[in-house]
Amino acid sequence: MYKRILLFIMTGLAGCLSISAQDTDTGKAGIIIRDSSRITTLDRHTGRSKTPIAYKSFLIPATLIVYGILAGHTDAFQDINEAIKEEVFTERRPAKTKIDNYLQYAPAVLVYGLNIAGIHGKNNFRDRTIIYGISNLIVGATVYATKNITAETRPDGSDNLSFPSGHTATSFAAAEFLRQEYKDVSPWYGVGGYLAAAATGYLRISNNKHWAGDVVAGAGVGIASARLAYLIYPAIKRKLFKNREVSTLLLPGWQNGSWGLALVHHF
């Protein structure tokens, strides 16, 4: 039974792909673009967006985060956590692997690999790199603060930094990054990215490093962080660059409890 529950959870995470359907309308104030995630009014003269309203795009990640919180504070969901641990780790005793340390970045690496191969996505090098950096900054700040506030013990008892799963948050942020960049090329890129992210989450449970609720919440944090980065970047871009070309970027990052800086140069 609980094996089916886990399969349902991981399949659901991999299926967190939205299909955008756009239509346009014109009016005296400007052009209104409606899609599944926001309503944006474009100024008729400047073409710039006015008052973007995000709503539906955050419903799924919010639901995942709420589930993760409930999983740590209600008996019924805690029982599911224990049962999934019993099914995945205790009974099978799988060999521990470090693949999840690398798989979490696979969707983001694919974005740059596809561009090198000549398959270009939505944004240029500068914009997509900054967006990805912003999403990771949001992930890092959120995960770091939440881990220290909740102080949830890991299944293996190694420390009190279990909730939410940072690896899973990073991988789902990368998967959403891939989906956003290539959804207009083919939806299958996003599907592949989300499958890699779901596999990362499963491995965190299989390695006995996280409860299922930690993984589900981490997925929500990752998806929300990437979507928020795409939402706020246009304003940041207008303020910082004003159409100036930038080939070298210094970006903040966070992984496994440590902050750092990443230097990216476009040759």
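FYI, the numbering just counts along the sequence from 1.
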Examine [X] and [Y] and state if one hydrophobic cluster contains both, with Ile, Leu, Val, Met, Phe, Trp and Tyr joined whenever side-chain heavy atoms are less than 4.5 Å apart.
{"X": "Y194", "Y": "I60", "value": "yes"}
{"X": "L114", "Y": "L103", "value": "no"}
{"X": "Y202", "Y": "F172", "value": "yes"}
{"X": "L59", "Y": "I69", "value": "no"}

Practice problem: For the pair I205 and K85, evaluate side chain to side chain contact (heavy atoms under 4.5 Å, CB included) and give the outcome as yes or no after the intermediate values. | Solution: CA-CA 7 Å; I205 299 172; K85 176 186 175 180; 5.8 Å; no
Roughly how far, to the nearest 0.5 Å, is [atom2] of [Y] from [atom1] of [X]?
{"X": "D156", "Y": "K96", "atom1": "CG", "atom2": "NZ", "value": "5.5 Å"}
{"X": "D214", "Y": "E152", "atom1": "CG", "atom2": "CD", "value": "4.5 Å"}
{"X": "H120", "Y": "N115", "atom1": "NE2", "atom2": "CG", "value": "6.0 Å"}
{"X": "T142", "Y": "L228", "atom1": "OG1", "atom2": "CG", "value": "9.0 Å"}

Please give me the minimum heavy-atom distance between [X] and [Y], naming the atom from each residue.
{"X": "H210", "Y": "G166", "answer": "NE2-N, 4.4 Å"}
{"X": "D100", "Y": "T200", "answer": "O-CG2, 4.1 Å"}
{"X": "N207", "Y": "A95", "answer": "OD1-O, 4.4 Å"}

Exercise. Starting from the C-alpha separation in whole Å, work towards a yes-or-no answer on side chain to side chain contact (heavy atoms under 4.5 Å, CB included) for V216 and F77.
Key: CA-CA 12 Å; V216 174; F77 288 104; over 6 Å; no
Quiz prompt | Any donor-acceptor N or O pair under 3.5 Å, side chains E176, Q180 | solution = yes
Quiz prompt | Charged N-O contact under 4.0 Å between K237 and D127 | solution = yes
Quiz item: Any chance CD1 of I119 has more than 12 other-residue heavy atoms, nucleotides or ligands included, within less than 6.0 Å?
Solution: yes
Quiz item: Hey, what's the ring geometry for Y230 with F177, parallel, tilted or perpendicular (30° and 60° as the breaks)?
Solution: tilted
Practice problem: State which residues pass ring pair (Phe, Tyr, Trp, His ring centres under 6.0 Å) with Y189; sequence neighbours excluded, sorted by chain then number. | Solution: Y182
Quiz item: Checking R154 side chain against D159 main chain: does a donor-acceptor pair fall under 3.5 Å?
Solution: no
Quiz prompt | Minimum side-chain heavy-atom gap K209-S162 below 4.5 Å | solution = no
